[in-house]
Amino acid sequence: MERIPVAIVGGGPIGLAAGLEFERFGIPYKIFEEDPTLSSKPKAGTILPRSLEILKQQGVIQGVLREGLRFDEVHFIDRVSDRVLMRMLMHPMSDESLYPFILNLPQSDLEAIMAEKITQSKIGELNFNHRLQSVEQTGDKCVLKFETALGHQSIEAQYVLACDGGRSVIRHQLGIEMEGVTHPERFLVADFKVDLDRRAGRQLTYLSYVFDPDEWVIFVRQPWFWRFLIPILPDADEPVASVVIDKIRRVVKNPSLPIELIDMGIYNVHHRTATKWQDGRIFLLGDAAHLITPVGGLGLNTGIQDANNLVWKLAWVLQGWAGPELLHTYEQERAPIARFNARNQADRNRDVMRMKSPIKRTVRNIVLGWMDKAEGLQWQAAHVRSLLGTTYKPKPQKQSVFMQWKTARHFVRPPVEVGDRIPDGEVLDPQGVTARLHDFFDDGFLALYVQDVRTRPDLGQRIEGVHKWLLTRFDAAFDTHLRSHALYDKGGRLAKRIAAQPGSIYLIRPDGHVAAIIAEKDATKLPAIYRQQLLNNAGCPEPDSVHPMTATL
Ligand SMILES: Cc1cc2nc3c(=O)[nH]c(=O)nc-3n(C[C@H](O)[C@H](O)[C@H](O)COP(=O)(O)OP(=O)(O)OC[C@H]3O[C@@H](n4cnc5c(N)ncnc54)[C@H](O)[C@@H]3O)c2cc1C
């Protein structure tokens, strides 16, 4: 029987994203998809800044930027008063990310770009016509049984990634429940050819949420068409195309607007997450682990982060650099994020859009109007919404009211702490070429020494799987012999942004999250901290237990 390190079940966007993550670390993998081709359903259409960063690390960003539609302003509109209540701006994220914008692209186009990269791979494979029938775990392996065009096929894998979607066969076989809510209301998603740029009663951005107690609408501009999302009340009939077209004409206040329907579908609305994300050697990712209403455009974006979080950990375990305990942090870190995205982001969005009480609506409108004007609040909202603010705090602490007030009033950005994603600040590489910090942990950890190069910092010995770089405001002179390891930080901007203490070392994981911040006096302990304390700092909820990593240092 063929034996492989990793089997990925499901060739949807998250299975493909997981494959591309394994490419980053050179770990062989195989993807098994039941259908004969990729899905042609457009489904997800909105890719958030954090996902764009991950797609860059996965080597597919060029195609995504080429095919997609960029924009940096989301509108929240009150249909009753016909006012834009709040504009959420992404461009203030320019110091944080190379992609301070949202990008609209049909999911089917994204999948095609990802799959093209995988078909060129020397270590990965995308196999169509492979329907998983069963998976069993015995000892140090999993046995997967597939029904294929050529009959039954069995494969052994060390680890299995269940990326088989909302109806996951693997999740059912493992008896894992989904907890949460399915709403009685359903959503109609319709794609149209229509000229809303010039013929709507008001100009729309490429993502506009129109609030209304009875009939809210979301407008999403795609590269070749417009998409509308509207609710269908529990006892209402499924609308026919002409009814939907009338609704759209009413919302945009143009009764004779020419509209051509391309596609229409009705979806149940859930916010549910799996009660367990790991069972032995099997992991749930994407919709197999969480079902998030499309209102916030978060399902696919959350799934892309799942792959980004899990795969480096599997790579470290498979290379013998970490013990299997590291893998437990996947569920510990990702499940709370999925619950937050499903409930506090996507579902709250839906509640805010359809508020019925006039008093609540007035308060909502005042709060959003205030957020629209307060630069700091705008920034905070965009930081969370873009998923750039995703954090895996070891002990989640609420930001103090004082800090929130300072951020809102004075536009003070919160310091970067353990668990946070490190901003992708601009630096100059040793050749003087403009680069971004995230370029320096493509296939490993980054130990970032925030030290003045004139003090000749000692970067210590090489550690397997860790790249060491200096972040310095004074460029490294050639006689320091540190030039090849120094990143020039113009005006110390990046060091200031992360609020680094001089001399400190930031240990950054391959998924961009800070694993440890080490004071200058403890610099020599870096290898030990990497080996022994990494798991605690990386988000293990039992702060006293140490999970030794078996790194070959
Ligand atoms: C209308 C709509 C709009 C949306 N808009 C957004 C958005 O703007 N932004 C966003 O982030 N998310 C959005 N989403 C959610 C997003 O589409 C999903 O989160 C995403 O498709 C999840 O990807 P996945 O790979 O986990 O699952 P899927 O896309 O469901 O892929 C699972 C794959 O597994 C395969 N499979 C299943 N069973 C087996 C088996 N037994 N053997 C082998 N293969 C199998 C399936 O054929 C499929 O190809 C939207 C969803 C809908 C419905």
Side-chain angles (χ1 to χ4, degrees), residues 7-19 30-48 50-52 54 68 74 102-108 110-111 114-115 126-135 144-148 153 155 160-173 186-191 206-207 218 220-222 227-230 263-272 274 284-307 338 341-342 345-346 349 385-387:
I8 300 171
V9 180
I14 309 311
L16 298 171
K30 287 193 180 189
I31 303 175
F32 300 98
E33 164 58 44
E34 65 178 347
D35 289 340
T37 58
L38 294 173
S39 165
S40 60
K41 292 196 188 119
K43 283 174 48 182
T46 301
I47 307 178
L48 297 172
R50 179 61 191 135
S51 303
L52 294 172
I54 295 171
V74 180
I102 298 175
L103 181 138
N104 285 346
L105 179 71
Q107 183 171 320
S108 45
L110 174 66
E111 288 179 28
M114 292 169 129
L126 172 54
N127 299 285
F128 290 106
N129 291 313
H130 278 67
R131 171 173 293 138
L132 181 90
Q133 291 182 310
S134 68
V135 54
L144 300 102
K145 293 199 171 127
F146 292 97
E147 187 189 312
T148 77
Q153 191 186 346
I155 284 170
V160 174
L161 272 57
C163 304
D164 51 346
R167 297 200 177 100
S168 171
V169 171
I170 299 183
R171 194 184 64 226
H172 283 294
Q173 278 196 10
R186 288 172 302 158
F187 288 169
L188 180 132
V189 180
D191 295 341
Y206 291 170
L207 180 58
I218 303 175
V220 190
R221 180 68 156 120
Q222 289 294 335
R227 166 169 294 177
F228 305 97
L229 219 135
I230 44 180
D263 194 14
M264 200 162 93
I266 293 177
Y267 297 89
N268 287 326
V269 191
H270 313 274
H271 68 90
R272 289 181 180 274
L284 306 184
L285 292 87
D287 277 16
H290 43 75
L291 293 168
I292 305 180
T293 133
V295 172
L298 281 160
L300 173 136
N301 287 287
T302 305
I304 286 184
Q305 284 188 328
D306 296 342
N341 289 352
Q345 293 224 63
N349 222 352
R385 188 68 181 79
S386 58
L387 299 184

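Given the structure is predicted, the values throughout are model-derived calculations rather than measurements. Throughout, residue positions are numbered sequentially from 1 according to the sequence presented. Order of appearance sets the numbers: ligands from 1, and atoms from 1 within every ligand.
Judged by distance alone, the side chain of D164 and the main-chain N or O of V169 form a donor-acceptor pair under 3.5 Å. Panel note: side chain D306, backbone L285; no donor-acceptor pair is recorded below 3.5 Å. Judged by distance alone, the side chain of Q173 and the main-chain N or O of V135 form a donor-acceptor pair under 3.5 Å. Side chain of R171 to backbone of A288: a donor-acceptor contact under 3.5 angstrom is found. When atom types are taken as modelled, the side chain of R227 and the backbone of I218 share no donor-acceptor pair closer than 3.5 angstrom.
N341 and H290 share no donor-acceptor pair across their side chains, judged by distance under 3.5 Å alone.
Taken from CG in L132 to CG in L144, the straight-line distance is 5.5 Å, to the nearest 0.5 Å. One finds the OG1 atom of T37 at 9.0 Å from the CG atom of N129 (value rounded to the nearest 0.5 Å). Going from atom OG of S40 over to atom CD of E111 covers 9.5 Å, rounded to the nearest 0.5 Å. Here R50 contributes atom CZ and S386 contributes atom OG; the two are 10.0 Å apart, rounded to the nearest 0.5 Å. Residue Q133 holds its CD atom at 11.0 Å from CD of E34, rounded to the nearest 0.5 Å. Here T302 contributes atom OG1 and L291 contributes atom CG; the two are 11.5 Å apart, rounded to the nearest 0.5 Å.
Annotation for ligand 1: atoms under 4.0 Å from non-hydrogen atoms of Y267 are 1 (C), 53 (C). Proximity to G297 (heavy-atom distance under 4.0 Å) selects the following atoms of ligand 1: 7 (C), 8 (O), 9 (N), 10 (C), 11 (O). Those atoms of ligand 1 that come under 4.0 Å of a heavy atom in F32, given as number and element, are 43 (C), 44 (N). Residue H130 has at least one heavy-atom neighbour below 4.0 Å for each of these atoms of ligand 1: 42 (N), 43 (C). The contact set between ligand 1 and R131, taken as ligand atoms under 4.0 Å from a residue heavy atom, comprises 42 (N). Residue-ligand proximity, G286 to ligand 1, at heavy-atom distances under 4.0 Å covers atoms 26 (O).
With a 4.0 Å cut-off on non-hydrogen atoms, R167 does not touch ligand 1 at all. At a heavy-atom cutoff of 4.0 Å, ligand 1 is contacted by no atom of L48, backbone or side chain. Using a 4.0 Å cut-off between heavy atoms, F146 makes no contact with ligand 1 at all. In V169, the part holding a heavy atom less than 4.0 Å from any atom of ligand 1 is the side chain. The side chain of D35, and not its backbone, has at least one atom closer than 4.0 Å to an atom of ligand 1 (non-hydrogen atoms only; side chain from C-beta on). Here N301 has heavy atoms under 4.0 Å from ligand 1 in both its backbone and its side chain.
Given atom 17 (O) of ligand 1, the protein heavy atom at minimum distance is Q107 OE1, 2.7 Å. The protein atom (non-hydrogen) at minimum distance from atom 26 (O) of ligand 1 is D287 N, 2.9 Å. Counting only heavy atoms of the protein, atom 49 (O) of ligand 1 lies nearest to E33 OE1, 2.6 Å. The protein heavy atom nearest to atom 12 (N) of ligand 1 is L300 N, 3.0 Å. From the protein, the heavy atom lying nearest to atom 3 (C) of ligand 1 is K43 O, 3.4 Å. For atom 44 (N) of ligand 1, the closest heavy atom belonging to the protein is E34 N, 3.1 Å. When hydrogens are left out, the protein atom nearest atom 40 (C) of ligand 1 is L132 N, 3.7 Å; that is the closest non-hydrogen contact.
Of the candidates G12, A44, G15, it is A44 that places a heavy atom closest to atom 6 (C) of ligand 1. Considering each of G45, A18, G10, G166, the one bringing a non-hydrogen atom nearest atom 8 (O) of ligand 1 is G45. In this comparison of G265, G165, S134, A288, the heavy atom closest to atom 27 (O) of ligand 1 sits on G165. In the candidate list N127, I14, I8, I14 is nearest to atom 25 (O) of ligand 1, counting heavy atoms.
Contact check for I102 versus L52: no side-chain heavy atoms found under the 4.5 Å cut-off. The closest side-chain heavy-atom distance from L161 to V9 is not below 4.5 Å.
Contact analysis puts C163 in contact with ligand 1, with a non-hydrogen atom separation below 4.0 angstrom. Residue-ligand proximity: P13 is placed with a non-hydrogen atom under 4.0 Å from ligand 1.
Annotation: V189 places no N or O atom under 3.5 Å from an N or O atom of ligand 1; distance criterion only.
Taking the six-membered ring where the residue is Trp, F146 and H130 present perpendicular rings, their angle passing 60° and hence far from 30°.
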